[in-house]
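Presented below is the structure to which this report refers.
All residue numbers in this chain count up from 1 along the given sequence. One-based numbering, in listed order, for ligands and for the atoms of each.
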Amino acid sequence: MIGVFDSGFGGLTILKSFLEHLPQYDYLYLGDNARTPYGNRSPELIYQFTREAVDFLFGQGCQLILIACFTASAEALQQIQQEYLPEKNQRDKKLQRRILGVIRPLVEEAIRFNNFKKIGVIGTCGTINSQTFIRELKKINPNLEIHQKECPLLVPLIEEGYYLRREAKMILRNYLRQLKLKKIDTLILGCTHYPIMLKQIRQVIGKSCRILNPGEIVAKSLVEYLTRHPEIESQLSRNSQVRFFTTDNPEKFKIFGSKFLGQKIDKVEKMNLSN
Ligand code: DGL
């Protein structure tokens, strides 16, 4: 089973692409809706919340966990991966479990073609302040010109269904102004929610800028990962079943979650992370 974790609904945009590209596997989605948004929280809390989610998903029998939240991937993934690292040394390869994030696939896609040199990154305050994208991009190509911008109002605008309004476009224009002036050739959507505003982002940033949309990219990267790691792939169950868990109201999750996933969600289970 593949566990997919996000602070709330946003990771469903990633799960949607998994269901298109890898429909054969079983998935367990967990949204920490009771404590969302993570974007403005301290790194310590983001780590604690993410660790609790990872423990829950492993406890449910997931062999592979995808942290589908950019803020959690930026602020907590590396530490949590290291804490589970001893498992890598286990002799019994059949018992191996893995935790992946969403930043690496976007970074690899950004540097795939070397004619793109001016990269823009947008995300939550947590993701941008962590400098994780800059660090990872520069590790691979120190000559890249990278410009970041935190866009804290976009998540609430999307969650409240305000993103189609004129006011939302004005805010977006404001956020993207500097990146546009810098003439970036690539824009990384470094937040699970932003694909919902893809059309508006494209209109504002202009057609000549390549936009990296996480869902497709992360799904293709997972396909490649599973091909490279048969020891993990062979452990995954294949009944095409998806279970949804939330830490908040399951009825609300059904309604909002269905919009993010692009299909109806019939059953959602409630659970508590903080014990
Ligand atoms: N899931 C978060 C991310 O991708 C956005 C929502 C939040 O701030 O929790 O960064």
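I140 and F116 fall into different hydrophobic clusters, defined by Ile, Leu, Val, Met, Phe, Trp and Tyr side-chain heavy atoms under 4.5 Å apart, directly or through other members.
Here the two rings, on F253 and F9, have centers that are under 6.0 Å apart.
Looking at T124 and T71, their side chains do bring a donor and an acceptor atom within 3.5 Å of each other.
Counting all heavy atoms, side chain and backbone alike, G190 lies closest to F133 at CA-CE1, 4.1 Å.
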Ligand 1: protein N/O within less than 3.5 Å of ligand N/O:
residue	atom	partner	partner atom	Å
ligand 1	1 (N)	D6	OD1	2.8
ligand 1	1 (N)	S7	OG	3.1
ligand 1	1 (N)	T192	OG1	3.0
ligand 1	4 (O)	F70	N	3.0
ligand 1	4 (O)	T192	N	3.0
ligand 1	4 (O)	T192	OG1	3.2
ligand 1	8 (O)	Y38	N	3.3
ligand 1	8 (O)	G39	N	2.8
ligand 1	9 (O)	S7	OG	2.6
ligand 1	9 (O)	Y38	N	2.6
ligand 1	10 (O)	T71	N	3.1
ligand 1	10 (O)	T71	OG1	2.6

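Within the structure, the side chain to side chain donor-acceptor pair (under 3.5 Å) test picks out the following pairs touching residues 145-159 (sequence neighbours left out): E145-H147, E159-H193.
In this structure, R97 is positioned above the aromatic face of F58, its NZ or CZ under 6.0 Å from the six-membered ring centre and within 45° of the axis.
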